[in-house]
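What follows is a set of notes on a single structure, which appears directly below.
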Amino acid sequence: MLKQLKMYSLRKVLVWVLVTLVVGAVFLAMSVPGVVMLAKGPAYLDDVPVEELEGKYVTADVEYILDWFAYTESSKGAVTEKEYIIPVGTQEFMALVLDGKMVEQGEALMNDTADYLNGGSDVEWYMQVQGTVRPLEGEHLRYFKEAFAYDELSPENQALVLPLGLYVGDVGAHDQVTMWFFFGIGMVLVAIGLFLVVKALTGGYQKSIKTYCQGDPMALEQLERFYEETPPVHGVRLGRDLLLVQQDAATILLEAQRVVWAYGQTVQHRTNGIPTGKTYALILRTDNGKMYTVPMKKDAVPEVLEATHDAYPDWVMGYSKDLEDIYKQSPVVLRERKRAAMA
């Protein structure tokens, strides 16, 4: 019995398990390479051959900034990112991409470099940065090439213009904040998926059965006999003293004498005011004020209600606002009124 119920619970949560594991795996796939890079630490830019730069997480002492070729502004006109040209390797050039917080420092180094190239004193300071070397794309690559009049260069000189950018602060494809966010979301989603599997396989959705049996082998044996000998009515097992229902993945074992009221429920779902479908359920309400919602197909609800009426004639059947008001005041009073009407 328990094995069957556990597998039923697993099937009910399987969609959520797959969704959380797949989406979690996507987030991890986007972030784990960066986490690995961060754990290994950056390579020193000058030690990496230019043909191996792409994809490398590096640290660099930027001594010269030759010029800028593109920038990005916020809606308020503040510069959020600026792209510069720096020398790399023996005679090559690449882009240096700084976020808004570092632009002032980048401008200062670019101005000092210009002074030096125009005959002034050598630049006596440098920027130490860390980031990932990635290909320039789209307009960024076009502006980068335009800064060199790339199409007018000889093939030998074109080879010196590397279509790469050192994206300062990025680890892999993302900045560190985004990387850790994706990693955290991925880990949480995978943990949720695994938790649902473990909960289903260890009987976490059968707590009511464990509470009822409380480790008593005899009670469990009697319950298994009830389960095997009681044919379900659309998944609901109705015994003389017990009834067993599935509330989605959860198995609910109830003592029949505790149930006061049963009725069907139809819920109309809407999206932006447009009807998108209905769901149906059997509602059971007990003498301690608890309500259990048992989802089922539309045609199954009246059949289960008819079966519960035959099995438990002292239950109140059907819904009305008056019954709701009496139940809210006292479930016991509602039951007594039903018994009085039967007498």
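Quantities reported herein were computed from a predicted structural model and do not represent experimental measurements.
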Heavy-atom donor-acceptor pair, [X] side chain to [Y] backbone, under 3.5 Å:
X: Glu228; Y: Phe226; value: no
X: Ser9; Y: Ala200; value: no
X: Arg335; Y: Val259; value: yes
X: Thr72; Y: Thr80; value: no
X: Thr113; Y: Ile65; value: yes
X: Gln246; Y: Ala250; value: yes
X: Arg237; Y: Tyr227; value: yes

According to a hydrophobic-cluster definition based on side-chain heavy atoms being under 4.5 Å apart (Ile, Leu, Val, Met, Phe, Trp, Tyr only), do Val301 and Ile252 belong together?
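Val301 and Ile252: one cluster.
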
Give me each pair satisfying ring-ring contact (aromatic ring centres under 6.0 Å, His included) with a member in residues 231-267, each pair once, sequence neighbours excluded.
Trp261-Tyr263, Trp261-Tyr319, Trp261-Tyr327, Tyr263-Tyr319

If you round to the nearest 0.5 Å, how far is CG of Leu5 from CD1 of Ile209?
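It is 5.0 Å, given to the nearest 0.5 Å.
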
CG of Asp170 to CZ of Arg134, rounded to nearest 0.5 Å, is 4.5 Å

In plain terms, say whether Glu324 and Arg285 are close enough for a salt bridge, that is, a side-chain N and a carboxylate O under 4.0 Å apart.
yes

Does the pair Asp314/Arg339 count as a salt bridge with the N-to-O cut at 4.0 Å?
yes

Should the heavy atoms of other residues, nucleotides or ligands under 6.0 Å from CD of Glu124 be counted, would the total exceed 12?
no

Hey, is CZ on Arg240 packed in by over 12 heavy atoms from elsewhere, all under 6.0 Å?
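Count not over threshold, so no.
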
Parallel, tilted or perpendicular: ring planes of Tyr64 versus Tyr116, cut at 30 and 60 degrees:
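Correct class here is parallel.
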
Passes ring-ring contact (aromatic ring centres under 6.0 Å, His included), Phe69 versus Tyr143? Steps please.
CA-CA 6 Å; Phe69 64 91; Tyr143 294 147; 7.7 Å; no

Hydrophobic cluster mates of Met218, side-chain heavy atoms under 4.5 angstrom, ILVMFWY only, any path?
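Other cluster members: none.
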
So which heavy atom on Pro135 is nearest to which on Tyr167, and how close?
O-OH, 4.1 Å

Gln128: which residues meet the side-chain contact (heavy atoms from CB on, under 4.5 Å) condition with it, sequence neighbours left out?
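Applying side-chain contact (heavy atoms from CB on, under 4.5 Å) to Gln128 gives Thr59, Asp61, Tyr126.
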
